Each structure stands twice: as structure tokens, then as C-alpha cells.
Student: 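So that we are looking at the same thing, I have put the structure below in C-alpha cells.
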Amino acid sequence: MERDVALQIVSEQLTEHRYLHTVGVMETAIQLAEQYGEDQKKAEIAAIFHDYAKFRPKKEMKKIIKDQEFPKKLLEYNSELWHAPVGAYLVKKEVGIKDQDILNAIKYHTSGRPNMTLLERIIYVADYIEPGRIFPGVEEVRELAEVSLDKALQKSLQNTIMFLLKKNQAVYPDTFKTYNSLILEGGSDC
């Protein structure tokens with residue numbers, strides 16, 4: 001799918017602010033794919049569609065989670081997590097993208113998962129560090145991404161977990177599992 005076509009499709013699903021975020025994620029993902037040796041076209045398409053379901057009604061997302069037999073535990077956690085797996089499902093159903101690597105990168109861009117693929121890591125990190133993001137800790141993750149994608153991913157997960165803990169919010173189990181798998185596979189020197 002051509003970039004212009006993909007951007008047009010997603011622009012109809014997003015607010016202007018979220019569309020600008022998506023373009024930033026796309027540009028960052030392409031750069032990270034080039035830097036770390038991933039297919040740049042797959043990174044581009046996954047980034048463009050990563051927030052496809054972001055503004056779908058919660059009722060619709062909840063129904064899809066139940067009907068498609070996604071993990072029921074999703075419904076027990078913050079609804080901000082829902083748009084990723086629902087988005088992957090809708091991108092396949094409505095847009096016709098069938099590449100499982102792209103769909104998984106969309107599906108896991110909010111929660112992560114243990115043993116993430118390179119493309120999944122790129123989309124997760126690109127979403128976190130795109131140029132429009134401004135929050136404490138993002139600059140450090142941007143700097144880490146220049147030298148180590150895994151260290152950037154680890155730090156972004158650590159920041160997210162700490163943020164949720166400080167807000168007394170539940171942390172989705174897959175996010176902890178992702179963090180732990182990174183620590184176990186590469187050490188904790190970030």
C-alpha cells in the first residue's frame with residue numbers, strides 16, 4: 001500500500017492532533033528501521049496504522065474484544081490498551097492488511113510482549129519518542145534509541161511502569177512480562 005493512500009485512510013479515523021502524532025511515529029519508525037535493519041515499508045505501514053482504532057467508541061472496542069475472544073483480562077485494565085489489539089483486527093478487516101508482522105506491531109504497541117520482534121520494538125519505541133512527544137524522560141529514551149533499540153525499549157517500559165505506579169494505576173501483566181524478558185535477555189545496564 002502506498003504511503004499517501006494509507007495516510008488518507010487513517011486521517012479519516014483520527015483527530016488532527018493524533019494524525020500529526022501518527023506522521024511523527026511514521027517518520028521515526030522509518031528512521032529506526034533503517035538504523036536497525038528492519039523492512040522500512042513494513043515499519044512505515046505499521047506506524048501509519050498503529051492508532052487506527054484510537055477513537056473508536058469504547059462500547060465497540062469492548063464488543064470486538066469479547067467477540068474476537070481477545071484476552072478477557074484486557075477489559076479489567078485501562079481502556080487505553082484496547083485500541084492496539086482492536087486496531088490490528090480492524091486494520092485487517094477494514095483495510096485488508098494481512099501481513100502478520102505489521103498486524104502484530106500494531107497489536108503490541110501499547111502493552112509490549114515478551115520476545116518482541118524487531119518490528120514490534122521499533123513501533124513501540126517510535127510511538128514513545130516521536131518528535132511531538134514532550135514529557136519527563138522522553139529525551140533520555142531518544143538518546144538511548146540512537147545507540148540501542150533494546151535499551152530504549154527497556155527504559156520506555158520502565159518509565160511507563162513507574163508512571164502508572166505513581167498514579168496508583170494497575171499495570172497490564174504483559175507490560176511487566178515484556179520488561180522482565182528484556183532484563184533477562186540483556187541485563188539491566190540502562
Side-chain angles (χ1 to χ4, degrees), residues 21-22 25-26 28-29 32-33 35-39 42-54 56 61-62 64-93 95 97-130 133 137-138 141 144-145 148-165 169-190:
H21 161 74
T22 295
V25 175
M26 177 194 73
T28 304
L32 290 172
Q35 180 178 349
Y36 290 105
E38 180 55 85
D39 183 314
K42 283 188 179 193
E44 175 185 83
I45 295 298
I48 289 172
F49 286 104
H50 84 284
D51 276 348
Y52 183 78
K54 183 82 171 173
R56 294 292 175 107
M61 289 196 282
K62 195 175 207 176
I64 290 169
I65 289 168
K66 289 179 178 178
D67 291 352
Q68 296 306 309
E69 299 181 359
F70 292 162
K72 296 292 182 249
K73 66 183 176 185
L74 262 173
L75 299 174
E76 299 169 14
Y77 291 85
N78 193 306
S79 59
E80 279 294 309
L81 291 169
W82 300 355
H83 76 278
V86 169
Y89 167 77
L90 290 174
V91 164
K92 183 176 183 179
K93 181 180 174 204
V95 182
I97 293 174
K98 296 187 177 20
D99 185 305
Q100 200 56 51
D101 295 336
I102 291 171
L103 296 173
N104 283 341
I106 295 167
K107 183 176 183 176
Y108 297 111
H109 87 269
T110 56
S111 64
R113 70 169 174 166
N115 306 309
M116 291 171 80
T117 67
L118 178 58
L119 182 61
E120 291 166 13
R121 292 171 193 232
I122 285 170
I123 299 305
Y124 190 102
V125 171
D127 184 35
Y128 193 91
I129 67 168
E130 66 91 2
R133 297 281 203 191
V138 73
V141 178
L144 286 169
S148 170
L149 187 64
D150 286 348
K151 288 186 187 331
L153 177 60
Q154 182 181 326
K155 188 63 178 173
S156 65
L157 286 160
Q158 184 182 65
N159 290 350
T160 298
I161 291 167
M162 293 305 294
F163 174 81
L164 292 170
L165 292 175
Q169 292 184 7
V171 179
Y172 192 62
D174 287 357
T175 304
F176 273 129
K177 290 176 184 174
T178 305
Y179 179 78
N180 286 341
S181 82
L182 282 166
I183 294 295
L184 294 172
E185 71 183 48
S188 60
D189 59 342
C190 125

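Just so you know, these numbers use all the heavy atoms, side chains as well, and skip hydrogens, waters and symmetry mates. Sequential numbering from 1 along the given sequence is applied to the chain's residues. Just so it is clear, the structure is predicted and the values come from calculations on it, not from any experiment.
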Student: Would Thr110 and Glu80 count as a side chain to side chain contact (heavy atoms under 4.5 Å, CB included) here? Give the steps.
Tutor: CA-CA 8 Å; Thr110 56; Glu80 279 294 309; over 6 Å; no

Student: Check Ile161 against Phe176 and note the closest heavy-atom contact, atom names and distance.
Tutor: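 Result for this residue pair: CG2-CE2, 3.6 Å.
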
Student: Could you tell me whether a side-chain N or O of Arg113 sits under 3.5 Å from a main-chain N or O of Asp174, the two making a donor and an acceptor?
Tutor: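 No, the answer is negative, given that no donor and acceptor are paired below the 3.5 Å cut-off.
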
Student: For the pair Ser148 (side chain) and Leu144 (backbone), establish whether a donor and an acceptor sit closer than 3.5 Å, ignoring hydrogens and angles.
Tutor: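 Absent.
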
Student: Identify, with sequence neighbours excluded, every residue that meets ring-ring contact (aromatic ring centres under 6.0 Å, His included) alongside Tyr77.
Tutor: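 In terms of ring-ring contact (aromatic ring centres under 6.0 Å, His included), with neighbours along the sequence ignored, Tyr77 is linked to Tyr172.
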
Student: For the residue pair Lys155 / Gln158, report whether a side-chain donor-acceptor contact shorter than 3.5 Å exists.
Tutor: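 Distance-only check passes for Gln158 and Lys155.
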
Student: Working to the nearest 0.5 Å, report the span between CD of Glu38 and CG of Asp101.
Tutor: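 Result: 7.0 Å between the selected atoms.
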
Student: Should the heavy atoms of other residues, nucleotides or ligands under 6.0 Å from NZ of Lys73 be counted, would the total exceed 12?
Tutor: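 Enclosed: over 12 neighbouring heavy atoms sit under 6.0 Å from NZ of Lys73.
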
Student: Show the nearest heavy-atom pair for residues Ala53 and Leu90, with the distance to one decimal.
Tutor: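 It is CB-CD1, 4.1 Å.
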
Student: Less than 4.5 Å apart, side chain to side chain, heavy atoms only: is that true for Arg121 and Leu32?
Tutor: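 With C-beta onward as the side chain, the pair stays apart.
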
Student: Is a side-chain donor or acceptor of Trp82 paired with a backbone partner of Leu74 at a separation under 3.5 angstrom?
Tutor: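 Yes, the answer is positive, given that a donor and an acceptor are paired below the 3.5 Å cut-off.
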
Student: OG1 of Thr117 to CD1 of Ile123: how many Å apart, nearest 0.5 Å?
Tutor: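 Between atom OG1 of Thr117 and atom CD1 of Ile123 there are 9.5 Å.
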
Student: Between Arg56 (side chain only) and Met61 (backbone N and O only), is there a donor and an acceptor less than 3.5 Å apart?
Tutor: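 It does not hold such a pair.
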
Student: Can you find a pair of side-chain heavy atoms, one from Ile106 and one from Tyr52, that are under 4.5 Å apart?
Tutor: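 They are not in contact (no side-chain heavy atoms under 4.5 Å apart), so the answer is no.
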
Student: To the closest 0.5 Å, what do you measure between CD (Gln154) and CG (Asn159)?
Tutor: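 Here the rounded value is 10.5 Å.
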
Student: CG/Asn104 to CG/Leu119 distance, rounded to the nearest 0.5 angstrom?
Tutor: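 The distance works out to 9.0 Å.
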
Student: What I'd like to find out is whether the side chain of Glu185 reaches to under 4.5 Å of the side chain of Asn115, using heavy atoms alone.
Tutor: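 Sidechains of Asn115 and Glu185: in contact.
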
Student: Can you check side chain to side chain contact (heavy atoms under 4.5 Å, CB included) on Thr22 and Lys54, steps first, answer last?
Tutor: CA-CA 11 Å; Thr22 295; Lys54 183 82 171 173; over 6 Å; no

Student: Give the intermediate values and the outcome of side chain to side chain contact (heavy atoms under 4.5 Å, CB included) for residues Ile97 and Phe49.
Tutor: CA-CA 10 Å; Ile97 293 174; Phe49 286 104; 3.6 Å; yes

Student: Indicate yes or no for a side-chain donor-acceptor contact from Asp39 to the backbone of Lys42 under 3.5 Å, with no hydrogens or angles considered.
Tutor: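 Present.
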
Student: Applying ring-ring contact (aromatic ring centres under 6.0 Å, His included), can you list everything that pairs with Tyr128, at least two apart in sequence or on another chain?
Tutor: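 For Tyr128, the residues satisfying ring-ring contact (aromatic ring centres under 6.0 Å, His included) (neighbours in sequence not counted) are Phe135.
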
Student: Quick one: are His21 and Arg133 in side-chain contact, heavy atoms under 4.5 Å?
Tutor: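 His21 vs Arg133: side chains touch.
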
Student: How long is the straight-line distance from NE2 of His109 back to CG of Leu81, given to the nearest 0.5 Å?
Tutor: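 Separation between the atoms: 9.5 Å.
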
Student: Are the side chain of Tyr108 and the backbone N or O of Glu120 linked by a donor-acceptor pair below 3.5 Å?
Tutor: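 Answer holds: no.
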
Student: Hey, does Lys151 have a side-chain heavy atom less than 4.5 Å from the side chain of Leu182?
Tutor: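 Counting from C-beta outward, Leu182 and Lys151 never come under 4.5 Å.
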
Student: Short question: side chain of Thr175, backbone of Ser111 - any donor-acceptor pair under 3.5 Å?
Tutor: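 Flag set: sc Thr175 to bb Ser111 pair under 3.5 Å.
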
Student: Check step by step if side chain to side chain contact (heavy atoms under 4.5 Å, CB included) holds for Lys72 and Ile65.
Tutor: CA-CA 7 Å; Lys72 296 292 182 249; Ile65 289 168; 5.5 Å; no

Student: For a quick test of reading the model, state the closest non-hydrogen atom pair linking Ala145 to Val125 and the distance between them.
Tutor: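 Closest pair (atom of Ala145, atom of Val125, distance): CB-CG1, 4.3 Å.
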
Student: Indicate the atoms forming the closest heavy-atom contact of Ala43 with Ala33, along with that distance.
Tutor: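 Residues Ala43 and Ala33, closest heavy atoms: CB-CB, 3.7 Å.
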
Student: So, for Ala126 and Ala29, which heavy atoms are closest and what is the spacing to 0.1 Å?
Tutor: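 Shortest heavy-atom separation between Ala126 and Ala29 comes out as CB-N, 3.7 Å.
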
Student: With a 4.5 Å limit on heavy-atom distance, are the side chains of Thr160 and Tyr179 in contact?
Tutor: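 Of all side-chain heavy-atom pairs linking Tyr179 with Thr160, none is under 4.5 Å.
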
Student: Roughly how far, to the nearest 0.5 Å, is the CD atom of Gln169 from the CG atom of Leu165?
Tutor: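 The distance works out to 10.0 Å.
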
Student: Can you name the closest pair of heavy atoms from Ser156 and Tyr124 and give their distance?
Tutor: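 So the two residues come closest at OG-CE2, 3.4 Å.
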
